[in-house]
2 protein chains.
Amino acid sequence: MAGSEDVPTPPWRKSRKPAPPKRQLSQDLIVDAGLRIVDTEGLDALSMRRVAQEFDTGPASLYAHVANKEELLELIYERVLGEIELPERDPSRWKEQLRAYAMEVHRVLTAHADVARVALASVPSGENSILAGEFVFGLLIEAGMSPREASLSMDRIHLYVTGDAYEGSLHYARMRAAGLDDPREYFERFAGQLADYYRALPTERFPHIQKFVDDLIADDGEERFRYGLELLLDGIEARMP
Amino acid sequence: MAGSEDVPTPPWRKSRKPAPPKRQLSQDLIVDAGLRIVDTEGLDALSMRRVAQEFDTGPASLYAHVANKEELLELIYERVLGEIELPERDPSRWKEQLRAYAMEVHRVLTAHADVARVALASVPSGENSILAGEFVFGLLIEAGMSPREASLSMDRIHLYVTGDAYEGSLHYARMRAAGLDDPREYFERFAGQLADYYRALPTERFPHIQKFVDDLIADDGEERFRYGLELLLDGIEARMP
DNA sequence: ACCTGAACACCGTTCAAGT
DNA sequence: ACCTGAACACCGTTCAAGT
């Protein structure tokens with residue numbers, strides 16, 4: 001008789017395969033898969049089941065490497081934060097550096113769509129978050145701010161950046177839900193609808209909104225983000241000794 | 001034979017009751033019930049099923065009055081916004097009025113815990129949102145700002161207030177999940193843990209965070225909100241002609 | 001017009017059982 | 001130690017059927 005191992009078991013035999021080569025799971029691989037799903041399908045599509053599917057197994061298999069969904073989300077956020085690059089600190093150029101930092105974090109969060117939601121929710125505790133915190137905090141202190149005010153300023157910049165990115169991610173999700181691909185097209189359609197709505201308002205009760213509709217929809221997300229960032233930076237500058 | 005209507009049908013009869021007096025549903029009642037649930041059990045506890053339960057029926061019954069869950073959330077948000085009170089506009093005191101407005105919205109959102117999440121997500125379209133918008137926009141324009149900058153400033157103040165309230169609501173949810181009731185107790189426990197964690201960091205890599213731990217946890221949510229609000233207001237003031 | 005039960009296609013997490 | 005199937009207790013929404 002020939003060795004039976006080279007021959008596939010015929011379907012009618014219904015024998016169970018002799019223990020499949022068992023995928024090797026790991027926290028890193030799980031985070032990889034999770035981030036891939038968030039990037040392509042959005043945060044709402046991320047479920048333990050969906051991640052497990054990526055490894056051809058059930059959700060229970062993930063719990064050996066990850067405590068729960070919340071931890072997985074924070075691990076994904078930390079992974080994303082690893083993408084930002086911090087320069088050498090130069091207190092004499094604190095405003096410029098703080099601006100660049102804020103825009104870099106905003107860019108990275110926006111690139112990964114709705115990871116911003118996690119950013120807003122999570123308390124900085126991973127290595128990358130703390131490194132970022134040390135950068136901003138140190139910069140403000142070295143530029144002459146009191147630790148107390150530097151702490152407050154850092155906190156507010158962080159809230160602003162993540163809050164704006166989060167808001168953006170919600171629009172992004174809405175775009176996806178509407179079946180659109182081009183952010184510009186979405187913005188125009190969206191702004192157009194809003195403008196029509198505003199124009200239809202009764203003039204007596206909403207005179208300003210009605211009159212300056214074009215100004216209300218003039219700036220896109222990027223410009224609005226920049227404007228608010230400058231407001232904050234100027235406020236901080238006014239508090240620098 | 002006595003009239004059988006005064007006698008309860010015996011359990012073994014298993015007759016079905018002759019059409020119960022059918023609860024009268026309405027959009028208002030549904031929003032009421034929804035807000036009540038959010039206030040007492042949190043936004044995460046709000047589900048169509050949970051709301052329906054309040055009327056002793058299944059979730060399908062709600063769909064005659066509300067398009068879907070998203071619409072219900074926006075209706076709840078609008079209801080909450082109705083609680084803010086807007087004063088007579090006085091452009092000569094724009095900064096004071098804008099500050100009071102921001103704090104009032106923040107207060108109302110915070111009072112209803114995590115309705116802030118909806119606020120951040122939703123585009124202003126209900127009557128109360130538009131009224132609030134007209135107030136801020138008109139105030140800034142009458143104080144002398146260009147419509148374009150007034151539009152940007154209004155947008156950034158809105159993002160800041162709702163973003164901060166949302167962040168606060170996440171802490172609130174965490175407090176509830178930890179089984180605590182007193183926000184002050186939660187803050188102290190939370191800040192204490194954070195401080196311990198920061199103190200344990202390696203000094204070489206995180207010198208500033210490590211050194212000024214006390215300053216990092218000195219201010220609570222209210223003070224941080226106030227600080228950021230003043231940063232923005234000062235930035236806006238610097239742009240007033 | 002309004003309401004409903006049942007069904008569909010999902011969730012996160014646990015647990016006993018396997019290797 | 002790691003992995004798994006099955007189960008538990010949930011979701012939002014649809015739809016045919018009732019009144």
Side-chain angles (χ1 to χ4, degrees), chain A residues 14-31 33-34 37-38 41-76 114 117-118 121-122 170 173-174 176-179, chain B residues 14-31 33-34 37-38 41-76 114 117-118 121-122 170 173-174 176-179:
Chain A
K14 289 191 79 181
S15 77
R16 52 203 66 196
K17 285 170 251 156
K22 254 172 196 172
R23 286 258 191 188
Q24 188 68 11
L25 281 185
S26 79
Q27 196 177 76
D28 268 359
L29 285 175
I30 291 172
V31 173
I37 293 168
V38 173
E41 301 166 49
L43 189 55
D44 290 332
L46 185 86
S47 69
M48 300 302 269
R49 290 176 137 85
R50 180 68 189 77
V51 173
Q53 203 187 96
E54 214 74 358
F55 300 100
D56 290 314
T57 182
S61 305
L62 306 177
Y63 286 83
H65 303 93
V66 145
N68 47 38
K69 192 183 180 184
E70 195 184 332
E71 185 179 298
L72 174 56
L73 287 171
E74 276 175 22
L75 289 168
I76 292 174
D114 14 38
R117 184 145 100 218
V118 186
S122 85
L170 293 171
R174 219 165 290 158
R176 224 173 8 227
Chain B
K14 290 189 78 181
S15 76
R16 52 203 66 195
K17 287 168 249 154
K22 254 173 195 171
R23 286 256 191 191
Q24 188 68 10
L25 281 184
S26 78
Q27 195 177 76
D28 268 359
L29 284 175
I30 290 172
V31 173
I37 293 170
V38 172
E41 302 166 49
L43 190 54
D44 290 333
L46 184 86
S47 68
M48 300 301 270
R49 289 176 137 86
R50 179 72 190 73
V51 174
Q53 202 186 97
E54 216 74 0
F55 300 100
D56 290 314
T57 182
S61 305
L62 306 177
Y63 286 83
H65 303 93
V66 145
N68 48 37
K69 192 183 180 184
E70 195 184 331
E71 185 179 298
L72 174 57
L73 287 171
E74 277 174 22
L75 289 168
I76 291 175
D114 13 39
R117 184 144 101 218
V118 187
S122 84
L170 294 171
R174 220 166 288 160
R176 224 170 12 223

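Computed over heavy atoms, backbone and side chain alike; hydrogens, waters and symmetry mates excluded. The model shown is predicted, which means the values in this text are computed figures rather than measured ones. Each chain gets a letter, A, B and so on, in the order its sequence line appears, and its residues count up from 1.
- For the pair B:Phe55 and B:Leu29, the tightest heavy-atom approach, listed with the atom from each and the gap, is CZ-O, 3.5 Å.
- Here the closest heavy-atom approach between residue A:Leu73 and residue A:Leu46 is recorded as CD2-CD2, 3.5 Å.
- The side-chain contact (heavy atoms from CB on, under 4.5 Å) search around A:Asp28 returns A:Ser26, A:Arg79, not counting sequence neighbours.
- With rounding to whole Å, A:Arg50 atom CZ is found 12 Å from C:dG12 atom P.
- In this structure, A:His65 and A:Ile30 approach most closely via the heavy-atom pair CB-CD1, 3.8 Å.
- Partners of A:Glu41 according to the salt bridge (charged side-chain N to carboxylate O under 4.0 Å, His left out) rule, which considers only residues two or more places apart in sequence or in another chain, are A:Arg50.
- Under the side-chain hydrogen bond (donor to acceptor under 3.5 Å, both in side chains) criterion, B:Thr57 pairs with B:Ser61, not counting sequence neighbours.
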Listing time: all N or O pairs from protein to nucleotides 5-10 of chain D that are below 3.5 Å?
none

(request) Test side-chain contact (heavy atoms from CB on, under 4.5 Å) on B:Asp44 and B:Arg117 and set out the steps. (result) CA-CA 11 Å; B:Asp44 290 333; B:Arg117 184 144 101 218; 2.9 Å; yes
(message) Could you write out DNA chain D as dot-bracket? Rules: Watson-Crick or G-U wobble, both distances under 3.5 Å, brackets [ ] for crossings, | for pairs with another strand, dot for unpaired.
(response) ||.|||||...|||||.||
(request) Kindly determine whether A:Val118 and A:Ile76 satisfy side-chain contact (heavy atoms from CB on, under 4.5 Å), including the steps that lead there. (result) CA-CA 9 Å; A:Val118 186; A:Ile76 292 174; over 6 Å; no
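- The nearest whole Å value for the distance from the CD1 atom in A:Ile30 to the C1' atom in D:dC3 is 11 Å.
- The distance from atom CD of A:Gln27 to atom P of D:dA1 is 17 Å, rounded to the nearest whole Å.
- For the pair B:Asp56 CG and C:dC3 P, the computed distance is 14 Å after rounding to whole Å.
- What separates CE of B:Met48 from P of C:dT4 is a distance of 14 Å, to the nearest Å.
- Remark: B:Asn68 engages B:Glu70, B:Glu71 in a side-chain contact (heavy atoms from CB on, under 4.5 Å) (not counting sequence neighbours).
- A heavy atom lying under 4.0 Å from DNA chain C marks the following residues of residues 62-75 of chain B, by number: B:His65.
- The heavy-atom pair separating B:Leu72 from B:Val51 by the smallest distance is CD2-CG2, 4.3 Å.
- In this structure, CD of A:Glu54 is placed 16 Å from P of D:dC3, rounded to the nearest angstrom.
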